[in-house]
There are 2 protein chains.
Amino acid sequence: MGGPTRDGQAHATPPSRRIAGELRRAILDGELVPGQRLPSERELASKHGTARNTARQAIAILQAEGLVDAQHGRGVFVRQPRMFLRVAHDRYARHHRDAGRPPFRTEAEAQGLVPRVEVRAIQQVPAPDWVAGQLTLGAGELVLRRRNRYLADEEPVELADTYVPLMIADGTSLMHEVPAVGGIYAALEQLGHRLARIDEQVTARMPLAEETEALALMAGVPVLELRHTSYDERGIAFEVTHSILPADRNALTFQLPVD
Amino acid sequence: MGGPTRDGQAHATPPSRRIAGELRRAILDGELVPGQRLPSERELASKHGTARNTARQAIAILQAEGLVDAQHGRGVFVRQPRMFLRVAHDRYARHHRDAGRPPFRTEAEAQGLVPRVEVRAIQQVPAPDWVAGQLTLGAGELVLRRRNRYLADEEPVELADTYVPLMIADGTSLMHEVPAVGGIYAALEQLGHRLARIDEQVTARMPLAEETEALALMAGVPVLELRHTSYDERGIAFEVTHSILPADRNALTFQLPVD
DNA sequence: AAGTGGTCTAGACCACTGC
DNA sequence: CAGTGGTCTAGACCACTTA
């Protein structure tokens, strides 16, 4: 039994939210510090005179807010601030490419992290709508898709699907696992597609189950969704990349001149 | 009773996740279209031969993923794609400012939306660490803080705290509610701070309870956190803004020359 | 009034962790 | 083995929406 009005208080805050509120305040005020264990579900329940499920619901609220992290068999912990990989505004600068450093490697090494790239798949697929639009292809036309996963110090920090029109990629090193020293941008440049301008669009959402697994995401962590288009000197798009980045491990920086 | 191994299948997917998986597939495959109602919790439970709480847990998973939206007394619905306000790369261009159009108004009107700005507070506060760092002030030095809420067609789309050093703002129109035609950037320019370069950093996280309310956020919607710094022609920072944007209503676009 | 989601209870078994 | 979180059951009352 026991809705919020059983004691005559209409619209009173339900116990689960009250417990979550108390814990949230303790975390934000620093009474509970990052890494510290919360009382167990059973302790919280008996302390507040509720069923265990009610205390559990309170924990679920905090988990959805990204404030705590439940570990099976160990306990519930205040979340630790995580390492931040800042994707700098100049990651596509030619001087890095000329030095044989692909964008991701540039970023990771600048922060003292060990980069690793996993090639998950290299396929020919029908172009998704957004890709076809950016590359001015017919809807459903075949494109090369390279699916990569990027890790810094063996922690996954990005999933990236890169699309290149077959007219450009067919028969080139792009179809193979390791396209060239310097990454695919160096390879594309050798093919005559000199990067002159990029266009990036950023939003965020909660991860799908598949992304949660591939990025080892904890509950309550959203992902950044980055859509990137590369243009050559004639203003023609020759490559697009769709990236998914854990929001707790990534911030994107941009520096723009005005006027 | 009833763990996943009761039937001898060790590590089998628990019923709640199985049900969530089926519904997720139906949504992503388009069998359930945006706006459509899902079966009720009681229907799902009886159809799958589980308790109602188990079906309810499946719904909670989809809600945390931002795929569905539960409405008390009505049902659970596949979430509608929301209107997207793209914050264009040229929102700070001088020609808008010269025409008396502040950045937000420029954006909204370009998309046929009616912009409205609520000034929530104009105060002098100690500079937060990040603000002090960007403006090269002493930690805790007083700065002007203007707290705004932005609405498009009466839907909240941004919370923004703008900080200006008191040395610049004191005694000027910036201390008043409506600083000048063209917004605070026009006012700053009249004070001799000509915008030459901006620096923006983007990340995302789940909203705090206060932000959920101020932005009328639904469950499972993260916020974009945008940190913006304005530099004049001498490379001196004269203004920073900390924005919180609902991720389901905002995408940020950037266009950058390379090299 | 009927149907829906929101919350709670009291109890159970499971899987995982760590002493 | 004890303690923790993960999941489930079967039932209940509440608040909200719709007809």
Side-chain angles (χ1 to χ4, degrees), chain A residues 1-21 23 35-64 67-79 209 212-213 218-220, chain B residues 1-21 23 35-64 67-79 212 218-220:
Chain A
M1 306 158 201
T5 61
R6 192 167 57 123
D7 54 4
Q9 294 244 0
H11 289 222
T13 304
S16 58
R17 291 178 192 272
R18 224 175 31 73
I19 298 171
L23 292 170
Q36 188 169 344
R37 220 202 78 190
L38 270 57
S40 77
E41 297 173 349
R42 289 160 177 91
E43 283 178 75
L44 282 172
S46 81
K47 182 163 25 174
H48 290 85
T50 70
R52 181 186 157 208
N53 271 352
T54 301
R56 186 171 169 73
Q57 172 60 17
I59 301 287
I61 291 170
L62 299 177
Q63 216 174 343
L67 291 175
V68 303
D69 176 30
Q71 296 179 32
H72 198 165
R74 303 215 321 125
V76 178
F77 300 84
V78 179
R79 182 162 289 174
T212 299
E213 191 182 3
M218 290 186 294
Chain B
M1 306 153 200
T5 59
R6 194 165 56 123
D7 55 4
Q9 295 245 0
H11 289 225
T13 304
S16 58
R17 291 179 191 273
R18 225 178 27 76
I19 298 171
L23 291 170
Q36 188 170 345
R37 221 202 77 190
L38 270 58
S40 76
E41 297 173 350
R42 289 159 178 90
E43 284 179 73
L44 282 173
S46 82
K47 181 164 25 175
H48 291 85
T50 70
R52 181 185 156 208
N53 271 352
T54 301
R56 186 171 169 72
Q57 173 60 16
I59 301 287
I61 291 170
L62 300 177
Q63 215 174 346
L67 290 176
V68 302
D69 175 30
Q71 295 180 31
H72 198 165
R74 302 214 324 124
V76 177
F77 300 83
V78 180
R79 183 162 289 174
T212 299
M218 291 186 293

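Each chain gets a letter, A, B and so on, in the order the sequences are listed, and its residues count up from 1.
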Starting at atom [atom1] of [X], determine the distance to atom [atom2] of [N], rounded to an integer number of angstrom.
| X | N | atom1 | atom2 | result |
| --- | --- | --- | --- | --- |
| A:R74 | C:dC19 | CZ | C1' | 13 Å |
| B:E41 | C:dG6 | CD | C1' | 8 Å |
| B:I59 | D:dC8 | CD1 | C1' | 17 Å |
| A:Q71 | C:dT17 | CD | C1' | 10 Å |
| B:R52 | D:dT7 | CZ | P | 19 Å |
| A:E43 | D:dA2 | CD | P | 17 Å |
| A:I61 | C:dC8 | CD1 | C1' | 13 Å |
| B:Q57 | D:dG6 | CD | C1' | 9 Å |

Report the nucleotide, chosen from [options], that has the shortest atom-to-atom distance to any side-chain atom of [X].
| X | options | result |
| --- | --- | --- |
| B:R56 | C:dC8, C:dG5, C:dA15 | C:dG5 |
| A:S16 | D:dT9, D:dG6, C:dC8 | C:dC8 |
| A:R17 | C:dT7, D:dT4, C:dG5 | C:dT7 |
| B:N53 | C:dT9, D:dG5, D:dC8 | C:dT9 |

query: When you look at A:V78 and A:L67, which way does the side-chain contact (heavy atoms from CB on, under 4.5 Å) test go after all the steps?
result: CA-CA 6 Å; A:V78 179; A:L67 291 175; over 6 Å; no

With rounding to the nearest 0.5 angstrom, report the [atom1] to [atom2] distance, [X] to [Y].
| X | Y | atom1 | atom2 | answer |
| --- | --- | --- | --- | --- |
| B:L62 | B:Q57 | CG | CD | 10.0 Å |
| A:R52 | A:E43 | CZ | CD | 12.5 Å |
| A:R56 | A:I61 | CZ | CD1 | 12.5 Å |

query: Under 4.0 Å between a side-chain N/O of B:S40 and OP1 or OP2 of C:dG3, yes or no?
result: no

query: For C:dT7, does either OP1 or OP2 sit under 4.0 Å from a side-chain N or O belonging to A:T54?
result: no

task: Give me the one residue out of B:I59, B:V76, B:L44 that meets side-chain contact (heavy atoms from CB on, under 4.5 Å) with B:P39.
output: B:L44

- prompt: Going by modelled atom types, is there a donor-acceptor pair between the base of D:dG5 and the side chain of A:R42 at under 3.5 Å?
  reply: yes

- line: By nearest-nucleotide position on DNA chain C, the 5'-leaning member of A:A55 and B:P39 is B:P39

